[in-house]
Number of protein chains: 2
Amino acid sequence: MPHKTVVVGGGAAGLGAAGGVKAADPANDVVVYTQFEDVAYSPCGIPYVHGKEIETFEALFLAEKEAYVRAGIDVHYQTEVTAIDVRRKTIQVAGEGEVSWDRLVIATGFHYADPGVPGSDLDGLYYVKNIRQAMEWDKVIDRAKVAVVVNATPLGLEMVTALAHRGIETHLIDPHPWPLAEMADPDIMAPVEESWRELGVRLHFNTTLEAFLGSGRVRGVLTSQGELPADFAVVATHKEPENRLAAQAGLKTGPTGGLIVDERMATSARDVFAAGDCAELPHGVTGVGLQGLTGSHAYAQGKVAGFNAGGGSKTYQPVYIPWGTPAGKWIIGGASFGETTAKALGIPYVLGAADGISRARYYPGVKKVRVKLLAEPGSLRLIGAQMVGGEGIKERADFLATAIKFGLTLNDLAVMENVYSPAIGALNEPIVVAAQNGVNAAGKG
Amino acid sequence: MPHKTVVVGGGAAGLGAAGGVKAADPANDVVVYTQFEDVAYSPCGIPYVHGKEIETFEALFLAEKEAYVRAGIDVHYQTEVTAIDVRRKTIQVAGEGEVSWDRLVIATGFHYADPGVPGSDLDGLYYVKNIRQAMEWDKVIDRAKVAVVVNATPLGLEMVTALAHRGIETHLIDPHPWPLAEMADPDIMAPVEESWRELGVRLHFNTTLEAFLGSGRVRGVLTSQGELPADFAVVATHKEPENRLAAQAGLKTGPTGGLIVDERMATSARDVFAAGDCAELPHGVTGVGLQGLTGSHAYAQGKVAGFNAGGGSKTYQPVYIPWGTPAGKWIIGGASFGETTAKALGIPYVLGAADGISRARYYPGVKKVRVKLLAEPGSLRLIGAQMVGGEGIKERADFLATAIKFGLTLNDLAVMENVYSPAIGALNEPIVVAAQNGVNAAGKG
C-alpha cells in the first residue's frame, strides 16, 4: 500500500531519499521541504567556482526543477519546517501549518560550529554552503585583497587553494601543528603545505582564533599569535549535525551529535529515518560512530532511507570512508584512518609506506605518490591507508576502502598484479611496494 | 650453500631473476647473458619516443651498467647462448665455450610471428624491440611520409598513435573487424577508432596482409583489399615465446608454445626455471595457459624464479591480468577478459555496463568512462572487466583484477563506497553503476 513520505532537507541525502521512496513504489507520495531556493546543485563545486577552475555557478546545477515535478517529487522551496511530532506523525511547516506523514526522512544536514569568539556577529564572515549566497560572496571576493580562512578542515583546504588561485593574499589559521590534523598524517600533508607556500599562502599553525575584529564589518582577525588583516574571513569550522528539530522531537543522538540509525537508516522513532550529515554511522573497522562524511555517502544513505521509508528493504553497511581532495598542487586521500587517528584511538598497527611514482619515471607528467598502509599486527589485515600524489588517488582510495572491508592483507597486496604502461602506470605500483615494505617491517618487528 | 645461477636473457624477467637470486642469498653467484648491448631500459617506452611524447631514447635507460656490477650481477653483453644441456647443467656460449651452472633461469622473451608473406626479407620492415635499433629507426621515421602498421595488436595500437602524432600518413591493417579483437570488445574500441580517424589514421579492418612490395626495400604493402604505399612498415604481429633453445633442451611447452612452469616458476627440468614472455601461466578464472603478458608480470615472475633458483621459496600466483594502455585519445584497459573472449571460450556471464564520467560533470577535463563488468551467473562473482576512459583506468584495472581474484560479486561492488570530489571523482563511480546495472540485469534474467 502506498505511503506518504515527508523528507526534511533538500541536499544530497534528501533528494536521494525522495528518489528512494519512488524507487520502492512509484505510487508512493513524497514531499521534500527545503529552506533554500534550489535543490539539486553540487555544493561541493562552490570552492572551485571561487577558484575560477569552474566558470560559472550555473554549471553546478544538476537538474531543472521541472525534472522533479516529472518524477513525481513534490519539492517545497524556501519553506521552513519548525517542529516534528513523531507520535502524531506530523510536522509543522511555516506558512503551511500542520502536515501529516506516514513515514518521515530527516535529512537536515549540518551547520558550521559557532566559532565562539567576539565579533562572530560581524558582516564579512563567509560560511560556505548555499549557492545563492556563494554568488553574492563571489562579488565580495572580487573586491578583496586579503582573506583569513579559519581552520584547515576539508572545506578550509579547498577554500585556501581557491583563494590563492584567485590571487588573494590568503592566511590560514589552525590550532593544530599541521593541516587536516584530525584525520591526515603530517607526512601526507607536508608536500601540500610546501605547495601552498609556493602559491603564496601564509600558514599559521598552532594558532587559535581569538576574535573577529571590526565594527559592523570584519577588518581583521585576532589570533593567539597576533592580528591578521582580513577583507573577509571564511569560517570553515567543524560541520556539526543539524539536529535541533530531531532532538526536540526526542530522537536519540550519539556521541557525535548525529542521529543514531540502524542498518536500515531507521532512527529511534517508529517510521522515522535519517540520512546524511545529520546521522551517525559506524566505522567498519572500529565500530565507532562517525558523522559528516561525503556527498556520495549522503546520497547513498538517502537512497536506502527513502527506499525503506517507501516500503522496500535495503541495508546500508558500515563505512570504510574512501576520501580524496585536491590540496595545493597535490591530491590527498585515503581510506578508513591513518597513523594520527590510529595513535589517538590507541589502535596498534604495522605500517607499510612507499614513495613511488604515477607513471614511468621518464614519462611527462609523472608525479610522486606516497602510499601508507596500516595493518593489524599479526594478521596483517589492512585497516587504514593514506596517500598523497596526483592521478589515480581517488581510484586507489576506492580500492583500498574495499580491500579493508573484504579483509585483504598486506601479503595479498604485496603480490598484487598491476598495469604497467609508461603513460599511465609505473612498473611498480606504489600500493604493492608499500605492502611489501609493510610485510618486511612486520617480519623484522 | 650458495649456488651459481645462469640467467639467459637480459629483459625484465632476466633482470628480475638476477635480483631474486641475490635476494635469496647475497653470496649466490649470478651471471646474465644477453645478446644485446644494453640491459635495464624500458622497451615499453619506445613507441612514445617515436611519438615525441618522450624527448630522447636516453630517458628510457633505468640504470647504469655499473649498478649491476655493484649489485654483484655479472652481465655478459652481446653474447649469444647457443645451446642448453639440462643433464650436464651447462650452456654453450658463443666466444666463451661451455659454461656450467647449478641453477638456470630461462628468460628468453619473445619474437614477432613471421608475417609469412612474400617480401618479408625486404628492408624497411620494423620489428619494434631493441632500443639501439629504435634509435636508427627513428631517423627512418623522420624521413618517411607514409607507413603501414601490420596488425592492431597492443604494440600496433601504440605505434599507430605514435606515428599519427608524428604527422605521418599511417595505415593500420588487421584481419579482424575491430582493433585488438582477440582481447578487447568492439564497444570498448569504437571510441578509439573514432579518435584515430580524427588523428588522420587510415583504418583497414577485415584486411589481411598478402605481401610486402619492393625490391631491396619495401615501397608498399599488398593487402586483401588492395595496395597501400609505405616508406616503411611496422610488423606488429603476435609475440611468440622465444623457446628454440629450451625446446632443443627438451623442456616441455604448453599449447601457447610457452614453457610450462609450476607455481615456483620451475620448468619440467630439474633446477631450471623460466619467467616472462617465454613462459606460460594459468589464467586465474579459466585455468587456461596464457603467454605474452606485461613487463610488470615478467619482472615479478623473474623475481620469483630467481629467488627460488637462489635457494629461497616463493610462489607466483595465477594471473588475473590487469591491463591498460593509451589508444588514440583514450585509455583502454580491463582485467581478466571481456565479452569477446568469454563468448569465444563459451563462458556464460551476466553483463553489467555503465557509461559514467571521471569527474564532476561540470569540472574541466571531465571524460567519459565506460565500464563493463562480467560476472558468473547465479553467484554474480566478478570474472572479467573492460573499460575505456581517461584518468584512473589503470588504477581501476588493478582494483578489478584484485576483486576477481578475491571473489567479489556484483552485489559487493554495487554498494561500494567511493570518493566524491568534483575535480577527481564523480558522485557515482562508474564501477558501482555498472555493478548495479548488472545486478538488475541478473534479477530480470
Side-chain angles (χ1 to χ4, degrees), chain A residues 12 42 44-45 48 53-55 59-62 294-297 299-300 315-317 319-326 331 333 335 360-364 391-399 401-403 405-408 412-413 415-425 427-429 431, chain B residues 12 42 44-45 48 53-55 59-62 294-297 299-300 315-317 319-326 331 333 335 360-364 391-399 401-403 405-408 412-413 415-425 427-429 431:
Chain A
S42 171
C44 306
Y48 301 91
E53 279 92 355
I54 299 166
E55 281 185 27
L60 303 187
F61 286 94
L62 300 168
T294 71
S296 174
H297 288 95
Y299 185 66
T315 59
Y316 188 79
Q317 302 180 7
V319 291
Y320 295 83
I321 328 131
W323 64 276
T325 183
I331 310 289
R361 176 191 42 75
Y362 51 77
Y363 202 90
E391 55 199 340
I393 292 295
K394 157 344 217 211
E395 293 79 8
R396 286 185 181 92
D398 291 349
F399 170 30
T402 303
K405 182 174 183 176
F406 286 90
L408 268 66
D412 296 330
L413 296 175
V415 297
M416 179 177 106
E417 289 170 78
N418 65 267
V419 173
Y420 168 48
S421 181
I424 58 172
L427 182 62
N428 297 307
E429 162 57 37
I431 289 175
Chain B
S42 171
C44 307
Y48 301 91
E53 279 93 355
I54 298 167
E55 281 186 26
L60 303 187
F61 285 94
L62 300 169
T294 72
S296 175
H297 288 93
Y299 186 66
T315 59
Y316 187 79
Q317 301 180 6
V319 291
Y320 296 84
I321 328 132
W323 65 275
T325 183
I331 310 288
R361 175 192 42 74
Y362 51 78
Y363 202 90
E391 56 199 340
I393 292 295
K394 175 276 199 284
E395 293 80 8
R396 288 186 179 91
D398 291 350
F399 169 30
T402 302
K405 183 173 182 176
F406 285 90
L408 269 66
D412 296 330
L413 295 175
V415 297
M416 180 177 106
E417 287 170 80
N418 65 267
V419 173
Y420 168 49
S421 180
I424 59 172
L427 181 64
N428 297 306
E429 162 57 38
I431 290 174

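We name chains A, B, ... by the order of the sequence lines, and we start the count at 1 in each one. All of these numbers come straight from a predicted model, not from anything done at the bench.
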**Study point:** Ring centres under 6.0 angstrom apart (F406(A), F406(B))
**Key:**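 Here the rings of F406(B) and F406(A) have centres that are no less than 6.0 Å from each other.
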
[X], part contacting chain B, at a heavy-atom distance under 4.5 Å:
X: I331(A); value: side chain
X: E53(A); value: both
X: I431(A); value: neither

Point to revise | N428(A): side chain to side chain donor-acceptor pair (under 3.5 Å) partners, not counting sequence neighbours | key: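 None.
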
**Study point:** Contact class of I393(B) relative to chain A, heavy atoms under 4.5 angstrom
**Key:**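 The answer is neither part of I393(B).
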
Practice item. With a 4.5 angstrom heavy-atom cut-off, could you sort out which part of Y320(B) is near chain A: side chain, backbone, both or neither? Key: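 Both backbone and side chain.
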
Give the member of [options] that has the highest number of heavy-atom pairs under 4.5 Å with chain A.
options: A423(B), S42(B), A403(B); answer: S42(B)
options: A401(B), S296(B), S421(B); answer: S296(B)
options: P364(B), A12(B), A300(B), A360(B); answer: P364(B)
options: G425(B), G333(B), G324(B); answer: G324(B)

Point to revise | Partners meeting side chain to side chain contact (heavy atoms under 4.5 Å, CB included) with I321(B) (sequence neighbours left out) | key: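 Only E417(A), H283(B), L290(B), L293(B), H297(B), V319(B) meet the side chain to side chain contact (heavy atoms under 4.5 Å, CB included) criterion with I321(B).
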
Practice item. Any chance you could lay out the side-chain contact (heavy atoms from CB on, under 4.5 Å) test for R396(A) and V419(B), step after step, and finish with the verdict? Key: CA-CA 10 Å; R396(A) 286 185 181 92; V419(B) 173; over 6 Å; no

Exercise for review: Starting at CD of E395(B), measure out to CG of D398(A) and round the result to the nearest 0.5 Å.
Suggested key: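 Separation between the atoms: 10.5 Å.
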
Point to revise | Distance in Å, Y362(A) OH paired with F61(B) CZ, rounded so as to fall on 0.5 Å steps | key: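 Here the interatomic distance stands at 11.5 Å.
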
Output the option from [options] having the highest count of non-hydrogen pairs under 4.5 Å with chain B.
options: G407(A), A335(A), C44(A), A397(A); value: C44(A)
options: I54(A), L413(A), T294(A), V415(A); value: I54(A)
options: Y363(A), Y299(A), W323(A); value: Y363(A)

**Study point:** Electrostatic pair K394(B):E391(A) at N-O distance under 4.0 angstrom
**Key:**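 Judged by the 4.0 Å cut-off on N to carboxylate O distance, K394(B) and E391(A) do not form a salt bridge.
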
**Study point:** N418(A) (side chain) donor-acceptor with P322(B) (main chain) under 3.5 angstrom
**Key:**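 Between the backbone of P322(B) and the side chain of N418(A) there is no qualifying donor-acceptor contact (under 3.5 Å).
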
Review point. Quick one: does R361(B)'s side chain have a donor or acceptor within less than 3.5 Å of a partner on A59(A)'s backbone?
Key: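 Yes.
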
Exercise for review: Tell me yes or no: between the side chains of T325(A) and Y420(B), is some donor less than 3.5 Å from an acceptor?
Suggested key: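 No, no side-chain donor-acceptor pair sits under 3.5 Å.
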
Review point. Passes side-chain contact (heavy atoms from CB on, under 4.5 Å), L408(B) versus T402(A)? Steps please.
Key: CA-CA 10 Å; L408(B) 269 66; T402(A) 303; 3.6 Å; yes

